[in-house]
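First up is the structure itself, then whatever we jot down about it.
What you are looking at is a predicted structure, and each value in this text was computed from that prediction instead of being measured.
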Amino acid sequence: MKINGENDTLTIEESLIVIVFYSNRSDPGNGFLLEFSSSGENPDPKINFKVKHFSEPNGTIEYPSSEWNEGGEINNIYVVGFSKTIKIPEIYSTVIDWKHGIFQSSTTDSCVYDSLIVYEPLDDGWKPRAWFPNQTDCEPFVTVPPEKELLAIQHHSFIAIFKPLSNEYSNDVTRFSFSYDNQRIPDSACGGSLEPLEAVFGQISYRVERPYANNEHCNWTVQVPQAQTILFSLILTGLEECCDRIFVYSHNNSAESSFQLT
């Protein structure tokens, strides 16, 4: 769902939202100020989102880990976001190496497993690039072996979502581990994870009245756990009208259901 014009508004009935700012290769504009406010009560408060954002040019993501406060409950959904500001117009791929994965089946359905999906942002949504386990024999466990250069994502941005079905493992057992590498050096924050908000109002301010770079892909995650809906209002924007845009998605929104605000 695209929000582009100054004073545009958009309402989404979700409590976890992903914001993506996109700029193309042509002349950049200035930044933007996007405010949001929540209302109502979350109809499904049993689901907890655990969100982390990374902006270092390389790193390793694994579960469980101290970043997730070790292991978690089975009603948690773990969301990892990566994005970074760029300095030069050329694009480098973000390379993901798969290190280890062990996925357990459901106690009620042996063909349903823990799941991890890695998404890459597109102009009109999020494209799944890798999902685990990628093949099953309806056995109690599926092990995914290491694989170098599993993915080469053309944008310097991705999101990974992990949904465990069981917490029978101890915190000493690594459920999955993968590394990412991007050679650019960030010069300022591009995206991030906003802490779960107890208040009903917040805002994302990015390079307001200052130029941004070409070919940017930034993502922010916003969650207001107690809210049923979140209203977004683009208060101020200097975006290049023809090509640069901001998309707002619920965490389960697909590319086919996206639309443009006019």
Does Ile77 belong to the same Ile/Leu/Val/Met/Phe/Trp/Tyr cluster as Ile159, with side-chain heavy atoms less than 4.5 Å apart forming each link?
yes
Closest non-hydrogen atom pair, Cys218 against Gly191:
CB-N, 3.8 Å
Quick one: closest heavy-atom pair of Ser65 and Glu62, and the distance?
OG-O, 3.4 Å
Compare every heavy atom of Lys163 with every heavy atom of Asn76, then report the nearest pair and how far apart it is.
O-CD, 3.7 Å
How long is the straight-line distance from CZ of Phe176 back to CH2 of Trp98, given to the nearest 0.5 Å?
6.5 Å
Determine whether a donor-acceptor pair (N or O, by modelled atom type, separation under 3.5 Å) exists between the side chain of Asp114 and the backbone of Gln104.
yes
From the list Val118, Leu151, Thr94, side-chain contact (heavy atoms from CB on, under 4.5 Å) partner of Tyr180 resolves to Thr94
Is it the case that the ring center of Phe54 lies less than 6.0 angstrom away from the ring center of Phe82?
no
Spacing of OG belonging to Ser157 relative to OH belonging to Tyr119, to within rounding of 0.5 Å
14.0 Å
Applying side chain to side chain donor-acceptor pair (under 3.5 Å), name anything that partners Ser115, two or more places apart in sequence or on another chain.
none
With sequence neighbours excluded, what pairs up with Phe21 under the ring-ring contact (aromatic ring centres under 6.0 Å, His included) test?
Phe32, Tyr206, Tyr212
Test applied, side-chain contact (heavy atoms from CB on, under 4.5 Å); reference residue, Tyr249; option that passes from Ile17, Asn219, Val20:
Val20
Using atom types as modelled and distance alone, determine if a side-chain donor or acceptor of Ser83 lies under 3.5 Å from a backbone N or O of Cys190.
yes
Are Phe162 and Tyr63 an aromatic pair by the rule of ring centers under 6.0 Å?
yes
Got Val51 and His53 here, is their nearest side-chain heavy-atom distance under 4.5 Å?
no
Who passes side chain to side chain donor-acceptor pair (under 3.5 Å) against Ser205, sequence neighbours left out?
none
Determine, using the 4.5 Å side-chain heavy-atom cutoff (strictly less than), whether Val79 and Ile117 are members of one ILVMFWY cluster.
yes
Does Glu147, at its CD atom, have more than 12 non-hydrogen atoms belonging to other residues, nucleotides or ligands within less than 6.0 Å?
yes
Leu239 versus Asp244, closest heavy-atom pair with distance
CD1-O, 4.1 Å
Check whether Val95 and Ile61 end up in the same hydrophobic cluster, where Ile, Leu, Val, Met, Phe, Trp and Tyr are linked by side-chain heavy atoms less than 4.5 Å apart.
no
Separation of Lys148 NZ from Asp97 CG (nearest 0.5 Å)
4.0 Å
Taking atom CZ of Phe132 and atom CZ of Phe178, what is their separation to the nearest 0.5 Å?
8.5 Å
Would a 4.5 Å heavy-atom cut-off, applied to side chains only, mark Thr60 and Ser177 as touching?
yes
What distance separates Ile246 CD1 from Ile19 CD1, expressed to the nearest 0.5 Å?
8.5 Å
Please tell me whether Leu231 and Val222 are part of a single hydrophobic cluster in this structure, the criterion being side-chain heavy atoms less than 4.5 Å apart.
no
Straight-line distance of Arg175 CZ to Leu116 CG, nearest 0.5 Å
11.0 Å
